[in-house]
Chemist: 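Below are the C-alpha cells for one structure; questions will follow.
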Amino acid sequence: MKKLVSFVLIFFLVFQLITPVYAEELNENQLYSLSAAMIDGNNGRLLYGKNPNEQRAMASTTKIMTLILALEYGNLEDIITVSSYASKMPDVQLGIKEGEQYKLGDLVYSMMLESHNDVAVAIAEHVGGDLESFINMMNKKAMEIGLSNTYFLTPNGLDMEDESGKHSSTAYEMCLIMKYCVMDSPMKEEFMAICQTRQYTFSDYNNKRTFTVDNKNALLDKMDNVLAGKTGFTVDAGYCYVCAVSYEDKVYIVALLGCGWPNNKGYKWKDVTKLIDYGKSEFEYVKIIDRTYDIGEIKVIDGIQDDKTKLYVTDEIELLLCKDDKVDIICENKDVIYAPVTRGDVVKKLNIYINDEFYTSVNVYAEDSIDKIDLSYWVYRIFDMYF
C-alpha cells in the first residue's frame with residue numbers, strides 16, 4: 001500500500017441514534033474548580049479537563065494513597081501504638097493519645113470516613129516502619145502507577161514543602177490514583193468497602209475509649225453507585241474531591257482541586273454532579289477496532305507460494321466517545337515485506353489518534369505463511385525440470 005490509510009470516524013449521526021438529547025456542552029466557566037478532570041475508569045483516558053495537568057495541593061484526598069498502601073502492605077489485624085508525633089497532628093483529628101493502641105483495621109475507617117490527620121500519621125508510621133519510609137512508599141507507588149506530576153510529603157495531605165517541591169498533584173493524576181484503587185489494585189474490593197461504609201464504631205485495644213465515625217462523602221446520598229470518594233481541605237488547596245461512580249457498564253472518575261474556599265464548601269458537590277451528568281449524557285461506548293476490521297493485504301518479496309498476503313487484527317477496542325470526538329486510524333506506511341512469512345507475524349501497526357492525540361497502537365498480522373525463494377528452492381526446481 002503506497003498511500004497512507006487514514007480513516008476518520010465522525011460519530012454525530014451514530015450518537016443521534018443512541019442518545020437523542022444531549023446536555024449542554026460543559027465549558028470551563030461552568031465549574032467552580034480551578035482544576036478538574038474526568039477519566040474513563042476502564043482505560044484512564046481523559047474525557048474532560050479544566051487545567052487537568054496543573055500541579056496543585058490536594059489536601060486530604062492524599063489519604064486515598066495512604067489507604068491503598070495500608071491495605072496492600074499492612075495487616076488489618078495489626079495493633080498500632082500511637083506515637084507522640086502522630087498524637088499532635090492538627091485538626092481534623094480523632095484525638096488519639098501517645099501510647100494508646102488501636103487495630104489497623106479500625107483506624108482506616110477513622111482516616112477515610114472523617115479524614116482524621118492524627119490517625120493517618122499513625123497508620124503511616126506503622127505500615128512504613130517510620131514516617132519517612134512510608135512517604136517513600138507513596139512516591140514509589142505514584143511512579144508505578146505512571147504519575148509524573150505528583151509529589152507526596154505527608155500521609156494526611158497537610159500543606160508542606162521541601163527543597164524538591166510542594167506536596168501536590170494534578171486533577172488528572174488524582175483520577176489515575178483513584179483508578180488504581182478501584183479498578184487495578186489487588187485490594188480494590190476492600191478499598192471500596194471502606195469508602196462506602198456510612199458509619200463505623202470501634203474502641204481502642206484496651207476498650208477504654210469508644211468512637212463512632214460517620215462518612216463525610218455526601219455524594220453517597222446524592223447519587224447511586226458511588227464506588228469511592230474522598231474530600232479534602234487546606235488553606236493552600238481549597239476544597240478538593242476525588243470520586244469514582246459506576247453507571248451501566250461505565251466507570252467515571254472525577255477529581256476537583258481548588259474547588260472554592262470558605263464559605264463555599266458545597267461547590268464541590270455542584271461540580272462533581274455536573275461532570276458525572278455530563279459523562280452520562282454525552283458519552284457512549286463505540287467500537288473502534290475489532291476482528292472484522294478490513295486492513296487489506298501487503299506485497300511479499302521473494303516468496304515461493306504467493307506474492308502477497310492478507311492482513312488481520314486481533315485487538316478489539318471500544319472507547320467512550322462523545323458526538324464531537326474524532327478518531328483517526330492510520331496504518332503504518334509500509335508497502336512490502338520479505339519472505340519468509342509465518343502466519344501471525346506482526347508486519348505493521350495501526351496507530352489510533354483521538355482528537356489528533358495519539359492513543360494506542362494495534363498490531364497487524366500476516367494471514368498466510370509464505371516460504372522464501374532460496375538456494376534449496378532453485379536446486380529443487382532444476383532437479384524437477386531435468387529429472
Side-chain angles (χ1 to χ4, degrees), residues 57-71 73-135 137-138 152-160 167 190-191 193-218 220-221 228-242 261-263 265 268:
M58 64 288 204
S60 285
T61 59
T62 298
K63 296 180 174 96
I64 296 169
M65 179 66 88
T66 303
L67 175 60
I68 201 63
L69 290 178
L71 293 174
Y73 296 98
N75 183 337
L76 296 184
E77 295 301 315
D78 280 356
I79 302 302
I80 294 176
T81 300
V82 179
S83 71
S84 172
Y85 181 73
S87 70
K88 295 175 182 176
M89 286 293 105
D91 286 340
V92 176
Q93 58 182 215
L94 179 64
I96 53 179
K97 300 174 182 178
E98 181 181 0
E100 288 183 330
Q101 293 184 312
Y102 294 86
K103 187 191 294 186
L104 175 59
D106 291 331
L107 290 188
V108 291
Y109 288 92
S110 171
M111 177 179 70
M112 289 304 288
L113 273 59
E114 295 223 21
S115 203
H116 292 137
N117 292 323
D118 49 356
V119 168
V121 171
I123 290 172
E125 290 176 334
H126 176 79
V127 175
D130 57 66
L131 188 58
E132 182 179 359
S133 296
F134 188 82
I135 300 301
M137 291 170 63
M138 298 176 80
F152 290 107
L153 282 170
T154 76
N156 50 26
L158 293 176
D159 296 330
M160 187 173 290
H167 181 87
E190 292 81 354
F191 179 91
I194 292 168
C195 292
Q196 293 170 23
T197 299
R198 303 303 182 96
Q199 187 179 79
Y200 188 81
T201 299
F202 65 98
S203 300
D204 70 309
Y205 185 68
N206 295 315
N207 290 314
K208 292 182 178 180
R209 304 174 70 196
T210 299
F211 306 87
T212 296
V213 291
D214 297 292
N215 202 322
K216 295 300 187 285
N217 180 14
L220 289 168
D221 297 318
K230 184 72 192 74
T231 59
F233 173 80
T234 65
V235 173
D236 191 16
Y239 291 109
C240 302
Y241 185 60
V242 182
W261 275 258
N263 298 307
K265 195 173 183 178
K268 60 182 176 291

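These values consider heavy atoms only, across backbone and side chains, with no hydrogens, waters or symmetry-generated copies. Here the structure is a predicted model, which is why all the values come from computation and not from measurement.
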Chemist: Quick one: do H116 and L107 satisfy side chain to side chain contact (heavy atoms under 4.5 Å, CB included)? Show the steps, please.
Modeler: CA-CA 9 Å; H116 292 137; L107 290 188; over 6 Å; no
Chemist: Kindly indicate, with the supporting measurements, whether the criterion side chain to side chain contact (heavy atoms under 4.5 Å, CB included) is fulfilled by D106 and S203.
Modeler: CA-CA 8 Å; D106 291 331; S203 300; over 6 Å; no
Chemist: Could you pull out all residues at least two apart from K216 that satisfy side chain to side chain contact (heavy atoms under 4.5 Å, CB included)?
Modeler: E114, D214
Chemist: How close do T234 and G157 get, heavy atom to heavy atom, and via which atoms?
Modeler: CG2-O, 3.6 Å
Chemist: Please find the pair of heavy atoms, one from L104 and one from N75, that lie closest to each other, and give the distance.
Modeler: CD2-O, 3.4 Å
Chemist: Could you grab the distance from atom OH of Y241 to atom CG of N217, nearest 0.5 Å is fine?
Modeler: 3.5 Å
Chemist: State which residues pass salt bridge (Lys or Arg N to Asp or Glu O under 4.0 Å) with E100; sequence neighbours excluded, sorted by chain then number.
Modeler: R209
Chemist: Show, in sequence, the C-alpha distance, side-chain angles and deciding distance for V119 and V108, and conclude whether the side chain to side chain contact (heavy atoms under 4.5 Å, CB included) test is met.
Modeler: CA-CA 8 Å; V119 168; V108 291; over 6 Å; no
Chemist: For N156 and M89, which heavy atoms make the closest approach, and how far apart are they?
Modeler: ND2-SD, 3.5 Å
Chemist: For C240, is there any backbone N or O sitting under 3.5 Å from a side-chain donor or acceptor partner on K268?
Modeler: no
Chemist: Contact between I194 and Y109 at the side-chain level, heavy atoms closer than 4.5 Å - yes or no?
Modeler: yes
Chemist: Could you grab the distance from atom CD1 of I123 to atom CG of D78, nearest 0.5 Å is fine?
Modeler: 11.5 Å
Chemist: Could you check whether any side-chain heavy atom of F152 comes within less than 4.5 Å of a side-chain heavy atom of M137, counting everything from C-beta outward?
Modeler: no
Chemist: How far apart are the closest heavy atoms of C195 and M112, and which atoms are they?
Modeler: SG-CE, 3.8 Å
Chemist: Please report the closest heavy-atom contact between I96 and S87, naming both atoms and the distance.
Modeler: O-CB, 3.4 Å
Chemist: Check the pair Q199 / T212 against side chain to side chain contact (heavy atoms under 4.5 Å, CB included), numbers first and verdict last.
Modeler: CA-CA 7 Å; Q199 187 179 79; T212 296; 3.5 Å; yes
Chemist: Counting distance only, does the side-chain N/O of K63 pair as donor-acceptor with the main-chain N or O of M111 below 3.5 Å?
Modeler: no
Chemist: With a 4.5 Å heavy-atom cut-off, do D159 and H167 have their side chains touching?
Modeler: no
Chemist: Indicate whether any N or O donor in one side chain lies under 3.5 Å from an N or O acceptor in the other, for N215 and Y200.
Modeler: no
Chemist: Can you check whether L153 reaches L158 side chain to side chain, under 4.5 Å on heavy atoms?
Modeler: no
Chemist: Under the side chain to side chain donor-acceptor pair (under 3.5 Å) rule, collect the residues that match up with K265, sequence neighbours excluded.
Modeler: none
Chemist: How long is the gap from CD1 on I64 to CG on L69, to the nearest 0.5 Å?
Modeler: 12.0 Å
Chemist: Just say parallel, tilted or perpendicular for the rings of F202 and Y102, cut-offs at 30° and 60°.
Modeler: perpendicular
Chemist: Around atom CD of E132, are there more than 12 heavy atoms of other residues, nucleotides or ligands at under 6.0 Å?
Modeler: no
Chemist: Just verifying a value: how many Å separate I135 CD1 and D130 CG, rounded to the nearest 0.5 Å?
Modeler: 10.0 Å
Chemist: Working to the nearest 0.5 Å, report the span between CD1 of I68 and CD of E190.
Modeler: 8.5 Å
Chemist: Hey, is the main chain of P155 close enough, under 3.5 Å, to the side chain of T66 for a donor-acceptor pair?
Modeler: yes
Chemist: Going by atom types alone, do T62 and K230 pair a side-chain donor with an acceptor below 3.5 Å?
Modeler: no
Chemist: How far apart are the closest heavy atoms of T197 and L113, and which atoms are they?
Modeler: O-CD2, 3.6 Å
Chemist: Can you confirm whether I79 sits close enough to K103 that some side-chain heavy atom of one is under 4.5 Å from a side-chain heavy atom of the other?
Modeler: yes
